[in-house]
Participant: 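Starting off with a structure, shown below.
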Amino acid sequence: MPSRLSPRSAQPLPTAAAADSSTSSLTSDFSVRLIAWQRKHGRHDLPWQNTRDPYRIWLSEIMLQQTQVSTVIPYYAKFLARFPDVATLAVAPVDDVMALWAGLGYYTRARNLHRCAQAVVEQHGGAFPASVAELAELPGIGRSTAAAIASFAFGARATILDGNVKRVLARVFGVEGFPGEKKVENAMWTLAESLLPSNASDDDVGAYTQGLMDLGATLCVRGKPDCLRCPFAADCVANVTGRQRELPAARPKKAVPTRRTWMLVLRDGNAVMLEKRPPSGIWGGLWSLPEAADEASLAARAREFGGDGGGVPQLSPLAPLTHVFTHFKLDIEPRLAELDRGVGALAALGDADTAWVALSDLDSFGVPAPVRKLLDSLQGSLI
DNA sequence: AAGTCGGGGCA
DNA sequence: TGCCCAGACTT
């Protein structure tokens, strides 16, 4: 099994007995083969490629954390149109950032995005720092994202270690154990560092980082890896031993609890009342429907919002919905309460954390995806 | 080390 | 339905 990329036709093929030496030479030219593969077969036309602008690279990397490329693309376009540079983002109201982020999930990313932009302006004169260490000091940028930005934007020799890379390393080098476990992850960081190209130009470094991502995203996928097209097929432990399905080891199973919540759809004509959630926790900083832990409590809240002598709004059930998070399942019991008063009369009830919002104006508020879905179906049922 | 944080893609 | 994804951060 040839382990060198360059001319090998004159070389006799190593025998199986020489497998140990081929492993070490794989380590030595892993980067050469990966870079060559990326240039020929990797992705080159993603919206955040073909630029050295650290702002654009940073924005894409934050959005891509735990989020797939196809999901990110429309959000990335919206953000760039609204916030073309870091200074524009830094001076924007955080609520505008949240509104554009709504639906992407992991909303702490949006808050940190805004905080990071302000830090870049205030602490770095509006220019992203070029070192991994300085980048990793910024909000929302950890070791892997710092390496991605530094290598793409500044040609730094630093390795990423994301889900793609963990899968590639586990398979090619036969790394056992769940990569989420600290010990395994540390070993992978060490391995990844050892594989970095030694004498590489800035473009090579970028191609290398992109190659790690591309290999994991296009060939070495979770379900059915396309080993026939893989440049490491002959050396890959998983491929050679038929263990693609076992590597990397799966996360240990754990029962996810179910929570239940009641949500109040307080409607006055075409408007509903939204409540701003606390900055941390589930859907932190987003606008959502008023909630209660049971129906009686929700009814009490409805009376509260109904005002004095305004009559007790009757609660009527809407179709329940279930929303699945990473670590628990949420059953939502929506209850509709109709008010028969003008919005103007109700405006006085609003404070900084409540707002009457027209169903047609939800776009300008950051609303969690399932709540948005609920309200959209409500709008569809209006006369 | 374990828990917290969404939403969507896909088998 | 279950699992995972261009992870970071808190406890």
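All values below were derived from every heavy atom in this structure, side-chain atoms included, with hydrogens, water molecules and symmetry-related copies excluded. All values reported here derive from a predicted model rather than from experimental measurement. Every chain is numbered from 1, with letters handed out A, B, ... down the list of sequences.
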Participant: What about Leu289(A) and Ile282(A), same hydrophobic cluster or not, with Ile/Leu/Val/Met/Phe/Trp/Tyr joined at side-chain heavy-atom distances under 4.5 Å?
Facilitator: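 Linked, Leu289(A) and Ile282(A) end up in one cluster.
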Participant: If two hydrophobic side chains count as joined below 4.5 Å and joins carry through other members, does Leu374(A) share a cluster with Leu330(A)?
Facilitator: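 Yes, Leu374(A) connects to Leu330(A) through the hydrophobic network.
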Participant: Between Asn186(A) and Gln65(A), name the one whose nearest nucleotide on DNA chain B is closer to the 5' end.
Facilitator: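 The 5'-side residue here is Asn186(A).
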Participant: Which residue lies toward the 5' end of DNA chain C, Leu46(A) or Ala136(A), if each is placed at its nearest nucleotide?
Facilitator: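 Mapping each residue to its closest nucleotide by heavy atoms, the 5'-most match is Leu46(A).
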Participant: Tell me if a side-chain donor or acceptor on Asp162(A) pairs with a main-chain N or O of Val165(A) at a distance below 3.5 Å.
Facilitator: yes
Participant: Is there a path of hydrophobic side-chain contacts, each under 4.5 Å between heavy atoms, that joins Tyr106(A) and Leu59(A)?
Facilitator: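 No, separate clusters.
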Participant: Heavy atoms under 4.0 Å, any strand shown: does Leu59(A) hit a base, just sugar-phosphate, or nothing?
Facilitator: nothing
Participant: Which residues, if any, of residues 318-326 of chain A bring a heavy atom under 4.0 Å of DNA chain B?
Facilitator: His323(A), Phe325(A), Thr326(A)
Participant: Compile the donor-acceptor pairs under 3.5 Å between side chains in residues 214-227 of chain A and protein atoms, sequence neighbours left out, one pair per line.
Facilitator:
unit_1    : atom_1 : unit_2    : atom_2 : d
Asp214(A) : OD1    : Arg43(A)  : NE     : 2.7
Asp214(A) : OD1    : Arg43(A)  : NH2    : 2.9
Asp214(A) : OD1    : Gln210(A) : NE2    : 2.8
Asp214(A) : OD2    : Gln38(A)  : NE2    : 2.9
Asp214(A) : OD2    : Arg43(A)  : N      : 2.8
Thr218(A) : OG1    : Asp214(A) : O      : 2.7
Asp226(A) : OD2    : Arg229(A) : NE     : 3.2

Participant: Any residue in residues 85-104 of chain A with a heavy atom nearer than 4.0 angstrom to DNA chain B? Just list them by number, or reply none.
Facilitator: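 Contacts with DNA chain B under 4.0 Å: Gly103(A), Leu104(A).
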Participant: At a heavy-atom distance below 4.0 Å, which nucleotide of DNA chain C is the first touched by chain A, and which is the last?
Facilitator: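 So the contact region on DNA chain C extends dC3(C) to dC9(C).
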Participant: With P as the reference atom in both, quote the distance from dT11(C) to dG6(B) in angstrom, rounded to an integer.
Facilitator: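 To the nearest whole Å, 16 Å.
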Participant: Just by distance, do the side chain of Gln49(A) and the backbone of Leu46(A) share a donor-acceptor pair under 3.5 Å?
Facilitator: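 Between the backbone of Leu46(A) and the side chain of Gln49(A) there is a qualifying donor-acceptor contact (under 3.5 Å).
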Participant: Quick one: ring pair (Phe, Tyr, Trp, His ring centres under 6.0 Å) partners of Phe178(A), sequence neighbours excluded?
Facilitator: none
Participant: Contact boundaries of DNA chain B with chain A (under 4.0 Å, heavy atoms), 5' to 3'?
Facilitator: dA1(B) to dG9(B)
Participant: dT4(B) and dA6(C): how far apart are their P atoms, nearest whole angstrom?
Facilitator: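 My reading of the P atoms in dT4(B) and dA6(C) gives 24 Å.
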Participant: Contact class for Arg372(A) vs. all strands (heavy atom < 4.0 Å): base, sugar-phosphate, or nothing?
Facilitator: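 Nothing, no nucleic acid heavy atom in range.
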Participant: Quick test of your reading of the model: are Glu246(A) and Arg171(A) salt-bridged, counting only N-O distances below 4.0 Å?
Facilitator: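 Answer for the salt bridge query: no.
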Participant: Mark yes or no for whether Asp268(A), through its side chain, and Ala271(A), through its backbone, hold a donor-acceptor pair below 3.5 Å.
Facilitator: no
Participant: Mind jotting down which residue pairs meet the ring pair (Phe, Tyr, Trp, His ring centres under 6.0 Å) criterion with at least one end in residues 206-241 of chain A? Sequence neighbours excluded, please.
Facilitator: Phe30(A)-Phe232(A)
Participant: Can you see whether Arg109(A) engages Asn112(A) through a side-chain donor-acceptor pair at a distance of less than 3.5 angstrom?
Facilitator: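 The answer is no; no qualifying pair exists.
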Participant: Are Leu113(A) and Tyr75(A) connected, step by step, through hydrophobic side chains (Ile, Leu, Val, Met, Phe, Trp, Tyr) whose heavy atoms are closer than 4.5 Å?
Facilitator: yes
Participant: If you assign Lys254(A) and Val367(A) each to the DNA chain B nucleotide with the nearest heavy atom, which residue ends up on the more 5' nucleotide?
Facilitator: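 Checking each residue's closest nucleotide, the 5'-ward one belongs to Lys254(A).
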Participant: Could you pull out the closest heavy-atom pair between Val121(A) and Ala87(A), with the gap in Å?
Facilitator: CG2-CA, 4.1 Å
Participant: Output every pair passing side-chain hydrogen bond (donor to acceptor under 3.5 Å, both in side chains) with a member in residues 284-299 of chain A, not counting sequence neighbours, ordered by first then second residue.
Facilitator: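 For residues 284-299 of chain A, and leaving out neighbouring residues, the side-chain hydrogen bond (donor to acceptor under 3.5 Å, both in side chains) pairs sorted by first residue read Thr261(A)-Glu291(A), Arg277(A)-Glu291(A), Asp294(A)-Ser297(A), Glu295(A)-Arg335(A).
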Participant: Do the charged groups of Asp202(A) and Arg157(A) touch, with an N to O distance under 4.0 Å?
Facilitator: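 No salt bridge links Asp202(A) with Arg157(A).
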Participant: Are the aromatic rings of Phe328(A) and Phe325(A) close, with centres under 6.0 Å apart?
Facilitator: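 Yes, they do, as the ring centres are separated by less than 6.0 Å.
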Participant: Give me the residues of residues 273-289 of chain A where at least one heavy atom lies under 4.0 Å from an atom of DNA chain B, by number, or none.
Facilitator: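 Result for residues 273-289 of chain A: Gly281(A), Ile282(A), Trp283(A), sorted by number.
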Participant: Name every donor-acceptor pair, under 3.5 Å, that has one atom in a side chain of residues 135-149 of chain A and the other anywhere in the protein, sequence neighbours excluded.
Facilitator:
unit_1    : atom_1 : unit_2    : atom_2 : d
Arg143(A) : NH2    : Glu193(A) : OE2    : 2.9
Ser144(A) : OG     : Leu161(A) : N      : 3.0
Thr145(A) : OG1    : Gln65(A)  : NE2    : 3.0

Participant: Once ring pair (Phe, Tyr, Trp, His ring centres under 6.0 Å) is applied, what residue pairs with a partner in residues 120-162 of chain A remain, sequence neighbours excluded?
Facilitator: Trp58(A)-Phe128(A)
Participant: Any salt bridge linking Glu61(A) with Arg56(A)? Criterion: basic side-chain nitrogen under 4.0 Å from a carboxylate oxygen.
Facilitator: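 So Glu61(A) does not pair with Arg56(A) through a salt bridge.
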Participant: Just checking Trp58(A): base, sugar-phosphate only, or nothing, at a heavy-atom cut-off of under 4.0 Å?
Facilitator: nothing
Participant: Where along residues 139-160 of chain A does a heavy atom come under 4.0 Å from DNA chain B, residue by residue in number order?
Facilitator: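 By residue number: none to list.
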Participant: Base, sugar-phosphate or nothing for Lys224(A)? Non-hydrogen atoms, less than 4.0 Å.
Facilitator: nothing
